[in-house]
Amino acid sequence: PRVRKFVASAVNFIRTARLDTLDVMAVVKACGASRSYLEKRFRAETGRTILDAIHRRTMEDVKHLLLDTGKSVAVIAQETGFPSASGLCSMFRRLTGQSTSEFRATRQPR
């Protein structure tokens, strides 16, 4: 039960934290467990690493901003904690299989 509490706490923190402050160490600190213990338990219970979960959360926020705002990719990158627009675009393509512009274009109402 205590193990699940740590993982549940990590998942909740990832879901609710501000993206510009969200990294693995922030999750570890929020949960009060050692990094190695939390990473091991997190992977055992969720099937992914803490960093994978952070990336998925980030991409969900990026997708929302791409679809629901007219903000540029550079502004979205800055708001979601990426050091550059190219870094955001690279991760977006790797995780979704599309560029940010393709994603926007294929999901815009016609």
Side-chain angles (χ1 to χ4, degrees):
R2 185 156 174 81
V3 170
R4 289 187 182 209
K5 178 183 167 208
F6 283 130
V7 174
S9 180
V11 168
N12 186 55
F13 184 81
I14 292 167
R15 191 177 295 134
T16 60
R18 284 186 18 220
L19 283 178
D20 62 345
T21 62
L22 184 58
D23 62 20
V24 175
M25 285 311 299
V27 176
V28 169
K29 286 179 184 175
C31 296
S34 75
R35 181 175 180 155
S36 61
Y37 178 79
L38 184 59
E39 286 184 330
K40 184 185 218 179
R41 298 310 326 147
F42 192 93
R43 185 173 196 120
E45 287 192 38
T46 67
R48 64 177 49 110
T49 66
I50 294 170
L51 188 58
D52 289 340
I54 291 169
H55 288 164
R56 286 175 180 263
R57 154 72 200 291
T58 303
M59 285 303 107
E60 289 308 310
D61 284 20
V62 168
K63 287 176 184 179
H64 167 75
L65 290 167
L66 286 169
L67 295 179
D68 297 340
T69 72
K71 294 178 180 178
S72 70
V73 173
V75 170
I76 292 171
Q78 185 177 28
E79 289 180 1
T80 55
F82 283 88
S84 68
S86 63
L88 166 64
C89 291
S90 177
M91 180 182 283
F92 192 89
R93 182 178 287 283
R94 184 170 40 86
L95 295 177
T96 68
Q98 290 184 302
S99 71
T100 54
S101 58
E102 289 169 337
F103 180 81
R104 259 188 174 154
T106 59
R107 286 167 177 77
Q108 292 299 326
R110 298 193 187 271

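We count residues from 1, following the sequence as given. Since the structure is predicted, the reported quantities are computational estimates derived from the model, not experimental observations.
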How close do [X] and [Y] get, counting heavy atoms only, and between which atoms?
X: V27; Y: A10; value: CG1-CB, 3.7 Å
X: T21; Y: A26; value: O-CB, 3.5 Å
X: L38; Y: A33; value: CB-CB, 4.3 Å

Report the distance from atom [atom1] of [X] to atom [atom2] of [Y], rounding to the nearest 0.5 Å.
X: K5; Y: N12; atom1: NZ; atom2: CG; result: 12.5 Å
X: T46; Y: R41; atom1: OG1; atom2: CZ; result: 10.5 Å
X: R43; Y: L51; atom1: CZ; atom2: CG; result: 11.0 Å
X: K29; Y: F13; atom1: NZ; atom2: CZ; result: 10.0 Å
X: T100; Y: R93; atom1: OG1; atom2: CZ; result: 8.5 Å
X: I14; Y: D23; atom1: CD1; atom2: CG; result: 10.5 Å

With sequence neighbours excluded, tell me which residues meet side chain to side chain contact (heavy atoms under 4.5 Å, CB included) with [X].
X: S9; result: C31
X: E60; result: K63
X: S72; result: A74, V75

Under the salt bridge (Lys or Arg N to Asp or Glu O under 4.0 Å) test, which residues partner [X], sequence neighbours left out?
X: R56; value: none
X: D52; value: none
X: R94; value: none

Discussion item. Run I54 and L19 through side-chain contact (heavy atoms from CB on, under 4.5 Å) and show every step you take.
Written reply: CA-CA 9 Å; I54 291 169; L19 283 178; 5.8 Å; no
Worksheet item: Does R35 have any side-chain hydrogen bond (donor to acceptor under 3.5 Å, both in side chains) partners at least two apart in sequence or in another chain, and if so, which?
Response: E39
Worksheet item: With D61, which residues qualify under side-chain hydrogen bond (donor to acceptor under 3.5 Å, both in side chains), at least two apart?
Response: R57
Discussion item. Give me each pair satisfying ring pair (Phe, Tyr, Trp, His ring centres under 6.0 Å) with a member in residues 40-59, each pair once, sequence neighbours excluded.
Written reply: none
Worksheet item: Which residue pairs pass the ring pair (Phe, Tyr, Trp, His ring centres under 6.0 Å) test when at least one of the two sits in residues 74-95, sequence neighbours left out?
Response: F92-F103
Worksheet item: Is a side-chain donor or acceptor of R104 paired with a backbone partner of L66 at a separation under 3.5 angstrom?
Response: yes
Item to complete: Just grab all the side-chain hydrogen bond (donor to acceptor under 3.5 Å, both in side chains) pairs involving residues 75-88, residues at least two apart or on different chains.
Response: K71-E79, S84-S86
